[in-house]
Amino acid sequence: QVQVLESGGGSVPSGGSLRLSCAASGFTIDTYCMSWLRQVPGKKREAFAAIDSDGTTSYGDSVKGRFTISRDNSANTMYLQMNSLKPEDTAMYYCAALRSPAPAKGGLCPPASTAFWGRGTQVTVSS
């Protein structure tokens with residue numbers, strides 16, 4: 001069964017840190033563009049960090065310098081280290097695996113016919 005499962009969310013004060021994980025099963029991530037997205041109720045889901053199959057990373061402006069995306073293909077897992085968290089980072093965080101035909105840009109993996117999505121993990125940052 002194909003699955004991507006996020007974990008590591010929680011509640012932290014402003015300035016705190018969290019590390020999210022995205023564990024894949026039923027397929028291997030090594031040829032996939034992996035991405036983190038987040039969504040606040042009433043707003044569109046926003047992609048903000050991506051890592052290509054060759055390890056190249058890209059970020060959206062809102063998280064540059066604070067968040068770090070990484071992958072461990074041997075563990076079939078992607079990570080997101082979030083530092084200097086702000087209240088505006090509060091959202092549901094999702095991971096995605098896409099068989100993108102081109103490199104990621106600005107934290108966004110290009111659309112792909114083969115893609116898998118997780119169900120999300122909540123991150124809440126208090127002021």
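Along the sequence shown, the residues carry numbers beginning at 1.
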With distance as the sole test, does [X] use its side chain to make a donor-acceptor pair with the main-chain N or O of [Y] at under 3.5 Å?
X      : Y      : value
Ser35  : Ala49  : yes
Thr121 : Gly9   : yes
Asp52  : Ala104 : yes
Glu6   : Arg119 : yes

So which heavy atom on [X] is nearest to which on [Y], and how close?
X      : Y      : answer
Val125 : Thr90  : N-OG1, 2.9 Å
Val4   : Gly118 : CG2-N, 3.1 Å
Pro87  : Ser14  : CD-OG, 3.7 Å
Ala47  : Gly107 : CB-O, 3.5 Å
Leu85  : Arg66  : CA-NH1, 3.9 Å
Thr28  : Asn76  : CA-OD1, 3.3 Å

> Are Arg71 and Asp30 close enough, and set up right, to give a salt bridge (charged side-chain N to carboxylate O under 4.0 Å, His left out), and what steps lead you there?
Replying inline: CA-CA 9 Å; Arg71 64 194 295 159; Asp30 53 345; over 6 Å; no

With rounding to the nearest 0.5 angstrom, report the [atom1] to [atom2] distance, [X] to [Y].
X     : Y     : atom1 : atom2 : result
Ile69 : Ser58 : CD1   : OG    : 7.5 Å
Leu5  : Ser25 : CG    : OG    : 8.0 Å
Ser17 : Gln81 : OG    : CD    : 5.5 Å
Glu88 : Ser62 : CD    : OG    : 9.5 Å
Cys95 : Met34 : SG    : CE    : 5.5 Å
Ser53 : Asn73 : OG    : CG    : 8.5 Å

> Taking the six-membered ring for Trp, are Phe48 and Tyr93 parallel (under 30°), tilted (30 to 60°) or perpendicular (over 60°)?
Replying inline: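 Judged by the thresholds at 30° and 60°, the geometry between Phe48 and Tyr93 is perpendicular.
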
> Cation-pi between Arg45 and Tyr94: NZ/CZ under 6.0 Å from ring centre and within 45° of the ring axis?
Replying inline: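 Pair Arg45/Tyr94 counts as cation-pi.
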
>> Do the side chains of Lys86 and Asp89 get close enough for a salt bridge, i.e. N-O under 4.0 angstrom?
In response: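 Not counted as a salt bridge, because no side-chain N and carboxylate O are separated by less than 4.0 Å.
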
>> Is the shortest side-chain heavy-atom distance between Thr68 and Tyr79 below 4.5 Å?
In response: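 When only atoms from C-beta onward are counted, Tyr79 and Thr68 do not touch, as no gap falls below 4.5 Å.
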
Treat each ILVMFWY residue as a node, draw an edge where side-chain heavy atoms are under 4.5 Å apart, and state whether [X] and [Y] are in one component.
X      : Y     : answer
Leu20  : Val12 : yes
Leu37  : Met78 : no
Trp117 : Ile51 : no

> How about Phe67 and Tyr59: are their ring centres within less than 6.0 Å of each other?
Replying inline: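 No, they do not, as the ring centres are separated by 6.0 Å or more.
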
>> I need the single residue from Val2, Leu98, Ile29 that forms a side-chain contact (heavy atoms from CB on, under 4.5 Å) with Phe116. Which is it?
In response: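 The residue from Val2, Leu98, Ile29 that satisfies side-chain contact (heavy atoms from CB on, under 4.5 Å) with Phe116 turns out to be Val2.
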
>> With side-chain contact (heavy atoms from CB on, under 4.5 Å) as the test, pick out the partner of Val63 among Glu46, Met82, Arg38.
In response: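 One option only clears the test, and that one is Arg38.
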
> So, Thr77 and Asp72: side-chain donor and acceptor under 3.5 Å apart, yes or no?
Replying inline: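 Note: Thr77 and Asp72 side chains miss the donor-acceptor criterion.
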
> Using a distance-only test with no angle check, is there a side-chain donor-acceptor pair under 3.5 angstrom linking Ser113 and Arg99?
Replying inline: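 Looking only at side-chain atoms, Arg99 and Ser113 do not form any donor-acceptor pair under 3.5 Å.
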
